Amino acid sequence: MEELQLLEAVERYLSGEMTPEEVRNFEQLRKSDPSVDQMVVQHSMFLHQLTGFGENRSLKHNLHNIHQQLLQNGDIKEVQPKAKVVSFLKKYRKVLAAAACIAGVIALSISGLVAYLTPKRTISEIEQLKRELYSVKVSQKQTQNEINSFKNGSFRPPASGFGGTGFLIDGKGYIVTSAHVVAKSDSVYVLSKDNYYKAAIVIADENTDIAILKIIDGRFQPYKNLPYAIHKGSSDLGESIFTLGFPRTEMVYNQGYLSAKTGYKGDSSAYQITISVNPGNSGGPIFNEAGEVIGVLSGKQTTAEGVVFSSRAKNITKILEEAKKADSSNNIKLNYVSSLKKMDRKQQVKKIEDCIFNVLSY
Amino acid sequence: MITDSNEKLLLEGLAKDDKTAIETIYKQNYNTIQAFVLNNNGSVDDARDLFQEAIIVLYEKAKRDDFELSCQIKTYLYSVTRRLWLKKLQSQQRFSGEISHVAEVVPVEDELERHNQKAQEFEMMEKALNGLGEPCKSLLEAYYLQKRNMEEIAGNFGYTNANNAKNQKYKCLMRLKKIFFAQYKNED
């Protein structure tokens, strides 16, 4: 009987039906008697459980009614699946399962192999696309070779160091490439078809990732005209683009489109382009359809697929002004009229390819 | 997190067991879910049961104080249904390794575990109530579930006054608690 009274007290306490005085007394009791306290906690949990049960049951009931009603109104339809499809599935389930298993195993093993064979990336989020040809460092021997070959006139630079791409901006032998391709190098060579020329760095700007080289080799025959131009304005999203570069020792052509008007983290001096490129493409020219250079390929984001950045062509103009200020003998004239307009891509590439160089830095 | 104010209203309605809100959610999502279940060897009955269970999971989530839905209702319902159906197929050993994937899914494991726990407790409560017998069962349901007042209940159940009904209710409640907690201990 006492238990019943206690239960009543607890319930009145929990539902707030007690007078303030009763509450005070009850809380006193609760403090002095742990069993009362425990009962309050337990009962509160139980009531919660009971109302939860009620709500759950009423919701289920509602759902059932709503289902029937919507069905009657035609808002939802119960459609039986086609028997044929099901039996087909049932019939071949085992075969499908086996095929799926095999496919799974193959996929896993291939991805395992790929993961195993993929070279580890650097931690930096932007992987600069310079190609490390061989990991042999500059040595006494190479310097010796260089001196020897100078004496002999024509020579072949030793195959070591970093590779990138460059392109002529002035027929007198001025070449644009990416600053990171020639960074920290003590000698630079450019290679076109079978000719190797020694080049000097005129100026390099790490911020815009552009460097200007000058061929300082007596054997170089200046070009009268360049077929392509440097684009002056800004370019539009979706504009189709192409590039030529040296991810390997052969020249490789790739095409894509302009995907954003800013570069990595909103860098307004760059574009984002979508194109498939590899280490070695760095410094390559990005042409629009008219054969105008709109940018210089700079790097790709390692954390995202197909995201490549290009320094804007106007950075070339900027850096040229600085070069002129520093040394007035650098009288570089840019070509602003492309002779490649309205040509098909094959012919454009044929005209351009002589002006693209493989840049090797040591 | 929900940008769509409509969805927010729907969820608030659902948490209050509001019929129009539930109807709207039902209308907007049932056919997609049914198609998914049917396409994966389920029947119309499976589809209905799974969909209703998914709504209950969403309802339980919407009632929580720290409630936050980081995706659309349809994505959530699809994710829950998909998970539930996979589980069912696995338990029946009908799972053949492939289940078609028609939309994005969000992780729902934790919530489903909580839901299962709750469902078990509700089952215990139901058993306890059924074991109680009449008139206790109806008396308690009238007061605690339908929230009717004591005077009304006393009239309906033929008690001379509300106080008598109340005393009877407490006796019933004590018995119910005993049965329920006995099961609770057994479960542990």
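Treat the numbers as computed from the prediction; the structure is a model and nothing was measured. First the proteins, then the strands, lettered A, B, ... as listed; each starts at 1.
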**Student:** Less than 4.5 Å to any heavy atom of chain B: does that hold for the side chain of A:I66, its backbone, both, or neither?
**Tutor:**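 Answer is side chain: those atoms of A:I66 sit under 4.5 Å from chain B.
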**Student:** Could you look at B:Q34 and say if it's the side chain, the backbone, both or neither that has a heavy atom under 4.5 Å from chain A?
**Tutor:** side chain
**Student:** More than 12 heavy atoms of other residues, nucleotides or ligands under 6.0 Å from CD of A:E21: yes or no?
**Tutor:**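 At most 12 heavy atoms, drawn from other residues, nucleotides or ligands, come within 6.0 Å of this atom.
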**Student:** Does any non-hydrogen side-chain atom of A:E11 lie less than 4.5 Å from one of B:Y170?
**Tutor:**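 Yes, their side chains come closer than 4.5 Å.
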**Student:** Given side chain to side chain contact (heavy atoms under 4.5 Å, CB included), test B:R48 with A:L71 step by step and report yes or no.
**Tutor:** CA-CA 11 Å; B:R48 190 192 53 231; A:L71 207 57; over 6 Å; no
**Student:** For chain A, find which of B:K118, B:K27, B:K19 contributes the most heavy-atom pairs closer than 4.5 angstrom.
**Tutor:**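 Ranked by contacts with chain A, first place is B:K27.
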**Student:** Select, from B:E126, B:E23, B:E123, B:K177, the one with the greatest count of heavy-atom pairs under 4.5 Å involving chain A.
**Tutor:** B:K177
**Student:** Is it true that A:E55 and B:K63 have a side-chain N and a carboxylate O under 4.0 angstrom from each other?
**Tutor:**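 Result for this pair is yes, salt bridge flagged.
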**Student:** Considering residues, nucleotides and ligands other than B:D110, do more than 12 of their heavy atoms fall under 6.0 Å from its CG?
**Tutor:**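 It does not: B:D110 CG has 12 such atoms or fewer within range.
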**Student:** Look up atom CZ in B:F180 and atom CG in A:L50, then write down how far apart they are to the nearest 0.5 Å.
**Tutor:** 9.0 Å
**Student:** What is the distance from atom CG of B:L176 to atom CZ of A:F46, rounded to the nearest 0.5 Å?
**Tutor:**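 Going from CG on B:L176 over to CZ on A:F46, the span is 4.0 Å.
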**Student:** How about A:E22: does its CD atom have over 12 heavy atoms from other parts shown lying under 6.0 Å from it?
**Tutor:**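 Yes, because the 6.0 Å sphere around CD of A:E22 holds more than 12 heavy atoms from other groups.
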**Student:** Within residues 140-150 of chain B, which positions have a heavy-atom distance to chain A below 4.5 Å?
**Tutor:** B:E141, B:Y143, B:Y144, B:L145, B:K147
**Student:** Where do B:F122 and A:F53 come nearest, in terms of heavy atoms and distance?
**Tutor:** CE2-N, 3.2 Å
**Student:** Between atom CG of A:L7 and atom NZ of B:K171, what is the distance when rounded to the nearest 0.5 Å?
**Tutor:**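 One gets 12.5 Å once the value is rounded to the nearest 0.5 Å.
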**Student:** Side chain, backbone, both or neither: which part of A:L70 has a non-hydrogen atom closer than 4.5 Å to chain B?
**Tutor:** side chain
**Student:** In terms of heavy-atom pairs under 4.5 Å with chain B, which of A:N56, A:N62, A:N73 leads?
**Tutor:** A:N56
**Student:** Counting only heavy atoms from other residues, nucleotides and ligands, does the tally under 6.0 Å from CD of A:Q28 exceed 12?
**Tutor:**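 No, because the 6.0 Å sphere around CD of A:Q28 holds 12 heavy atoms or fewer from other groups.
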**Student:** With a 4.0 Å cut-off on N to O distance, would you call B:E53 and A:K60 a salt bridge?
**Tutor:** no
**Student:** Does any pair with a residue in residues 8-33 of chain B pass ring-ring contact (aromatic ring centres under 6.0 Å, His included), and if so which ones, sequence neighbours excluded?
**Tutor:** A:H67-B:Y26, A:H67-B:Y30, B:Y26-B:Y30, B:Y26-B:F51, B:Y30-B:F51
